[in-house]
Every structure is written in C-alpha cells, then in structure tokens.
Amino acid sequence: MTVALLPPKMDFVFKRIFGNENHPNVLISFLNAVLNPVDPIKSVRLKDTTIEKSHLEDKYSRLDVKAMTNKGEHINIEIQLKDEYNMIKRSLYYWSKLYEGQLENGENYQKLSRTICINLLDFNLLKHDKFHSFYRLKDCETNEELTDVMELHFIELKKMKDVKRIEEVKTKLEAWLYFINQPDSELVQELEKVEVEIKEAKAELIRLSGDRKERERYEKRRESRLNEISALSYAEEKGVKRRNIEIAKNLIQKGLDDDFIIETTGLSVEEVEEIRKEQN
C-alpha cells in the first residue's frame, strides 16, 4: 500500500527536508534557486534555529531553517501557512535579530555580514501577480542601492501557475515550488528524473511519510493548527459581533427603525429588540 506523502509545507516537515544535515545539497540547491547568485553557494552550515533574547522582555522566536553559506551570508527560511496579518513586520523582526546576533559586545560593525530572510507563504500577501519578490535598501528617487546587506524574499505559493508538463517549468525555483506544493504530482515525478536534488528531497519525504512517529507528530501538529484556526475564527466572529452591536446601539440612539438596523448590522430581530431594552 502506498503511503500518503506528508505535506512539505508543514513547518516541521519542511525543516526535516531543507534543514537536514544529511542532505546539504537540497538546501544549497534551493538557496541557489531563490537567490540566483552570480557566484553560486557551494556549502552551508546549519545553525541553531533559536533566536537568542538580548533582554528578558524580548520576544522568543524559533526559525524554520537557519544557515550560513560558504560566503559568510546568514540566511533564515520561514514557511507560513496562514496569514496572520503581520508577515512583513515579522520578517523584518527576524532579519534584525539575525543581523544583531552576529556581534558580541565590543566587536566592530565591519564584522556584520549579509543577512537574508526567505519567506515561503501559502497565502497571497503582495498586490501583484509575481510569485517571487525580493527587497533591498534603495534610494526612493534614484533607485540607487545603499547596500545588499539586507535582503527580504517573499515567495507566494498560491500564485504559482498550474502546469502539467515539465516543459512549462522555466526555472529551478519553479521546480522546487512545485515539489513543495504538490510532491506527489506527475509533474514532480518527471522533475525527479532531471533534478537530482529534488529526487533526494522526495526520497527523504517518502522516508518521513513512512515513519510512524513522524506521522503521529504531523497529525498532532495538524490538529494544533486546526485548533489555532478555529480559535482565531471564533475570535474574529466575536469581534464582528461586538462591532455590530455597537453600531446597532448608535443607530438606535439616532432613532432609526429596526428594519434598517437589521439590514445594516446583520443582527437578528431578537438581538435588536434586546439591545433596545438595554438602551431604555
């Protein structure tokens, strides 16, 4: 019986594949595909994904994949499944902590190295159709680049085109993203034949998917995420309800009739009547 593959988009599965010391070529290939450097990355050193707190009140953070390249670049990769409406600020925060964390007390600023944050998002964030966007510090008028020491990438998985044939895959990055999106597709099966690192990543995913403990961990992680989504949806519904009640109170004070209030707020007849009683 064929075992269903775990989704590479799940954070711990992603880390097992791309942050695996036994498969450094997978991460190297992915980074070269994202960054497209003139001088390709040749080696990486994985680092502890915990961001150390400088002060007791600092926010605790744990990254998905954290590495240093042979060129001394510090790189963080984050995968985010749900839009929590803080992605840009969150990425800037992680970048700043990685950048700051390079120096010990009294060390020279010249020791600070290029720091890159790569964000893989399973939702749409930016208001354009490109699936890959990256940003550096530039002059707003002349577009002159101040420095490349800061670089933020946003890869929006839902903006990937649905293609069926390998000939339609134009870049190595697209190949990796199709693997992350649909690892069991016929397209990825074809990509495995020509992309050795994707074949290696797929083999590790198959191994993980057949591991009972890893699958149990996935189910617990999935249940936890569903509970988070449910709690967030409930909180959002409660917030909308409170807002509509406040609107209804204001409309009642202005002397407007129940039909208009019900149509405006979506509250029931009984709810509007109850609010009227409380207002009297």
Side-chain angles (χ1 to χ4, degrees), residues 6-7 9-15 49-64 76 78-97 100 117 119-131 133 135 140 152-160 181 215-280:
L6 297 177
K9 288 188 284 191
M10 181 62 77
D11 50 10
F12 89 87
V13 179
F14 182 87
K15 183 172 182 176
T49 54
T50 303
I51 294 181
E52 295 296 335
K53 298 195 295 183
S54 301
H55 305 284
L56 288 175
E57 65 272 15
D58 279 359
K59 184 178 177 65
Y60 171 82
S61 303
R62 182 175 289 278
L63 309 175
D64 288 339
N76 161 47
E78 279 288 292
I79 189 154
Q80 193 73 9
L81 300 181
K82 183 172 174 55
D83 188 358
E84 297 179 358
Y85 308 103
N86 61 6
M87 196 63 235
I88 294 172
K89 290 183 177 179
R90 173 182 175 138
S91 186
L92 285 167
Y93 173 80
Y94 283 170
W95 179 90
S96 68
K97 298 300 286 184
E100 173 202 31
C117 285
N119 302 283
L120 283 151
L121 312 176
D122 199 31
F123 54 87
N124 292 341
L125 175 70
L126 304 169
K127 295 179 180 179
H128 54 62
D129 295 330
K130 294 192 306 175
F131 66 85
S133 307
Y135 299 87
C140 294
L152 301 179
H153 290 251
F154 297 95
I155 299 172
E156 300 168 85
L157 296 171
K158 291 191 178 299
K159 290 182 179 178
M160 292 292 295
N181 261 336
R215 187 162 287 279
E216 287 176 358
R217 186 181 178 194
Y218 162 70
E219 292 299 337
K220 289 179 181 178
R221 190 77 178 96
R222 180 172 173 272
E223 182 181 355
S224 173
R225 284 200 173 275
L226 289 174
N227 289 338
E228 288 174 9
I229 292 169
S230 178
L232 185 60
S233 297
Y234 177 73
E236 288 174 349
E237 288 174 9
K238 292 286 285 184
V240 169
K241 191 66 170 283
R242 284 196 297 269
R243 186 186 70 214
N244 286 335
I245 289 172
E246 290 303 314
I247 292 171
K249 288 178 180 179
N250 291 331
L251 294 177
I252 288 170
Q253 289 175 357
K254 292 177 180 178
L256 294 165
D257 61 66
D258 287 359
D259 289 341
F260 179 81
I261 295 171
I262 291 166
E263 183 180 352
T264 302
T265 64
L267 297 174
S268 67
V269 174
E270 294 76 16
E271 287 171 328
V272 173
E273 289 177 350
E274 186 64 31
I275 294 169
R276 280 195 183 276
K277 288 178 184 178
E278 294 174 0
Q279 294 284 82
N280 295 333

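Residues take their numbers from the sequence shown, with the count starting at 1. Hydrogens, waters and symmetry mates play no part in the numbers below; they use all other heavy atoms, side chains included.
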Legend entry - Separation between CD of Glu273 and CD1 of Ile262, rounded to the nearest 0.5 Å: 7.5 Å

Inset, instruction - Measure the shortest side-chain to side-chain distance between Gln80 and Glu84 over non-hydrogen atoms and say whether it is less than 4.5 angstrom. - result: yes

Legend entry - Rounded distance [0.5 Å steps], CD1 in Ile88 versus OH in Tyr135: 7.0 Å

Legend entry - Pairwise distance CG(Asp83) to CG(Leu121) - rounded to 0.5 angstrom: 8.5 Å

Legend entry - Distance-minimising heavy-atom pair for Cys117 and Tyr94: SG-C, 4.3 Å

Inset, instruction - For side chain to side chain contact (heavy atoms under 4.5 Å, CB included), just list the numbers for Asp258 and Val269, CA-CA rounded to whole Å, side-chain angles, deciding distance to a tenth of an Å, and then say yes or no. - result: CA-CA 7 Å; Asp258 287 359; Val269 174; 5.6 Å; no

Legend entry - Side chains of Leu125 and Lys158 in contact at under 4.5 Å (non-hydrogen atoms): no

Inset, instruction - State plainly whether the residues Lys9 and Asp122 are in salt-bridge range, i.e. N to O under 4.0 Å. - result: yes

Inset, instruction - Using a 4.5 Å cut-off on heavy atoms from C-beta on, say whether the side chain of Phe14 contacts that of Leu120. - result: yes

Inset, instruction - Report yes or no: do His128 and Ser133 form a side-chain donor-acceptor pair below 3.5 Å? - result: yes

Legend entry - By salt bridge (charged side-chain N to carboxylate O under 4.0 Å, His left out) - contacts of Glu278 (at least two apart): none

Inset, instruction - First locate atom CD1 of Ile275, then atom CD1 of Ile261, and finally report the distance between them rounded to the nearest 0.5 Å. - result: 8.0 Å

Legend entry - 4.5 Å side-chain heavy-atom contact, Arg215 and Leu6: yes

Inset, instruction - Would you indicate whether the side-chain heavy atoms of Trp95 and Leu152 approach each other to under 4.5 Å? - result: yes

Legend entry - Gln253 atom CD, over 12 foreign heavy atoms within 6.0 Å: yes

Legend entry - Arg243 and Glu246 ion-paired at < 4.0 Å: no

Inset, instruction - Salt-bridge test for Glu78 and Arg90: reply yes if a basic N is under 4.0 Å from a carboxylate O, no otherwise. - result: yes

Inset, instruction - Return yes if some donor-acceptor pair links the side-chain N/O of Asp64 with the main-chain N/O of Lys15 below 3.5 Å, else return no. - result: no

Inset, instruction - Give, for atom CZ of Phe123 and atom OH of Tyr85, the distance between the pair rounded to the nearest 0.5 Å. - result: 9.0 Å

Inset, instruction - Taking side chain to side chain donor-acceptor pair (under 3.5 Å) as the test, write out the residues that go with Glu271, two or more places apart. - result: Lys241, Ser268

Inset, instruction - Give a yes or no on whether the backbone of Met87 and the side-chain of Ser91 come within a donor-acceptor separation of less than 3.5 Å. - result: no

Inset, instruction - Would you indicate whether Asp129, at its atom CG, is surrounded by more than 12 heavy atoms from other residues, nucleotides or ligands within a distance under 6.0 Å? - result: no

Legend entry - Distance in Å, Leu126 CG paired with Lys159 NZ, rounded so as to fall on 0.5 Å steps: 5.5 Å

